[in-house]
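Beneath this line is the structure, given in structure tokens, with notes to follow.
Naming: A, B, ... by sequence-line order, numbering from 1 per chain.
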Protein chains: 2
Amino acid sequence: MGRVTRKESHAQTRERLVETAHRLFLSDGYNATSLDKVAAEAGFSKGAVYSNFATKHELGLAVLDVLHLERAMSLAAAVRDAETAEERIEAFARWAEDNIGDVGWTALEVEFATSNRHVKGIDQALAGRRRELTAAVADLIEQQATDLGLTLPLPAEDAAVQLLSLGIGLGVQRAFDPELPVTSLVDLLRSLLDRSRPAE
Amino acid sequence: MGRVTRKESHAQTRERLVETAHRLFLSDGYNATSLDKVAAEAGFSKGAVYSNFATKHELGLAVLDVLHLERAMSLAAAVRDAETAEERIEAFARWAEDNIGDVGWTALEVEFATSNRHVKGIDQALAGRRRELTAAVADLIEQQATDLGLTLPLPAEDAAVQLLSLGIGLGVQRAFDPELPVTSLVDLLRSLLDRSRPAE
DNA sequence: GTCTATAAATCGATAGAC
DNA sequence: GTCTATCGATTTATAGAC
């Protein structure tokens, strides 16, 4: 009864495959990484991949989920301890420098999305993830505004779309031109803050 | 002497190949389009492709140049006849709706950039094009500000980076979720305008 | 459930005829 | 300069052994 060895080892295999794919996709790209290499580096063979994922796309989507969770958690953690508005902006600036500035992440998401945009079913999976992510960012923004006692100049959802889109655009361009600074993300946030009014 | 038939037919072949690649890359994607198909649909065989382009990447870059020229011209044309600030914003809004809303363009650029980001030399080619495009948009912004007698709240170059990045981010997300509206581009432009001051 | 072996298909790039 | 034919390398996905 104590040993659920069957299910557990299956889950462990799956997790190690996702971890390995996560690393390889980030460093070499999604298209350039073969399932053979993923399996080998994870210490398995390709059969293990196909017993855990029906297609390469499914593995890709699983990696995207890890990516989203990582970023959401790191962003929330980054602004958690900040108090004043200026402290929060500075915390966000540091997070942006470390995360948007870290080129691989956005490039992978975008490579996967655009390369498979005509694959049936993938677009819906990506659309669902996009909406979740946008809602999560919107929640975070709203929470920050409440904390600071501010009313935003536009709906939190719209602000989230702006910040996410700008981050994607910057990340994509930095993938081939890392000299492009990420400061405009902070500029956008600051302009949102400047145009906010005290909540009544 | 009047007939430069050799050079001309070569240039014509090249042009038709780029046109066909332009169309197929947009509809099916860069990775999913084989050079064989490009050649066949253009009425040539693959040999003609390789006598005009050393690699598939070169053809891809040629298509990106066409894309950039198209967008730059259509944007400049869209705002040309507008007079008041509000008219210009509305002209830009229509352009954004027709262009950023038209999913294929951004997705192609971004698919090419991210899929080949580790191919030696491609990143420099893309970085050069990015800077040209940013400079062109910055020029357009500066010209508009001068026309309206306004001083922008930030350097035109920074505003160009913001608008381009936001456009890329929106275009990418709309590639798999076309319900995402492009209104935040107009919001950003309007906020730039609202924060501008009359030039002395 | 995982491994080995292989199928099946694709595609970029090259060689040589015309 | 373009075409035909083909190479050569890869990769996704499957079939069957263990």
Taken to the nearest whole Å, CZ/A:Phe53 to P/C:dG1 is 13 Å

The single option from B:Val38, B:Leu26, B:Val18 that satisfies side chain to side chain contact (heavy atoms under 4.5 Å, CB included) with B:Val63 is B:Val18

Looking at A:Glu19, is its backbone amide N or carbonyl O close enough to the side chain of A:Arg23 to form a donor-acceptor pair, meaning the two atoms are under 3.5 Å apart? no

Between CD of B:Gln12 and P of D:dG1 the distance, given in whole Å, is 14 Å

Between CG of A:Asn31 and P of C:dC11 the distance, given in whole Å, is 13 Å

For this session: Give a yes or no on whether the backbone of A:Leu152 and the side-chain of A:Arg197 come within a donor-acceptor separation of less than 3.5 Å.
Result: no

- prompt: Just by modelled atom types, is the A:Phe176 backbone N or O under 3.5 Å from a matching donor or acceptor in the B:Arg117 side chain?
  reply: no

In whole angstroms, the gap separating P of C:dA15 from OH of B:Tyr50 amounts to 13 Å

Separation of D:dA13 atom C1' from A:Glu58 atom CD, nearest Å, is 13 Å

Rounded to whole Å, OH of B:Tyr30 lies from C1' of C:dT10 at a distance of 15 Å

From NZ of A:Lys56 across to P of C:dA9 the rounded distance in Å is 20 Å

Enumerate the protein-to-nucleotides 2-6 of chain D contacts in which both atoms are nitrogen or oxygen and the separation is below 3.5 Å.
unit_1, atom_1, unit_2, atom_2, d
D:dT2, OP1, B:Thr13, OG1, 2.6
D:dT2, OP2, B:Ser51, OG, 2.8
D:dT2, OP2, B:Asn52, ND2, 3.3
D:dC3, OP2, B:Ser45, N, 2.8
D:dC3, OP2, B:Ser45, OG, 3.3

* Does the pair A:Thr20 and A:Arg16 meet the rule for a side chain to side chain donor-acceptor pair (under 3.5 Å), with working shown? -> CA-CA 6 Å; A:Thr20 309; A:Arg16 284 188 51 188; 5.9 Å; no

ask   = Are any non-hydrogen side-chain atoms of B:Leu126 and B:Arg130 less than 4.5 angstrom apart?
value = no

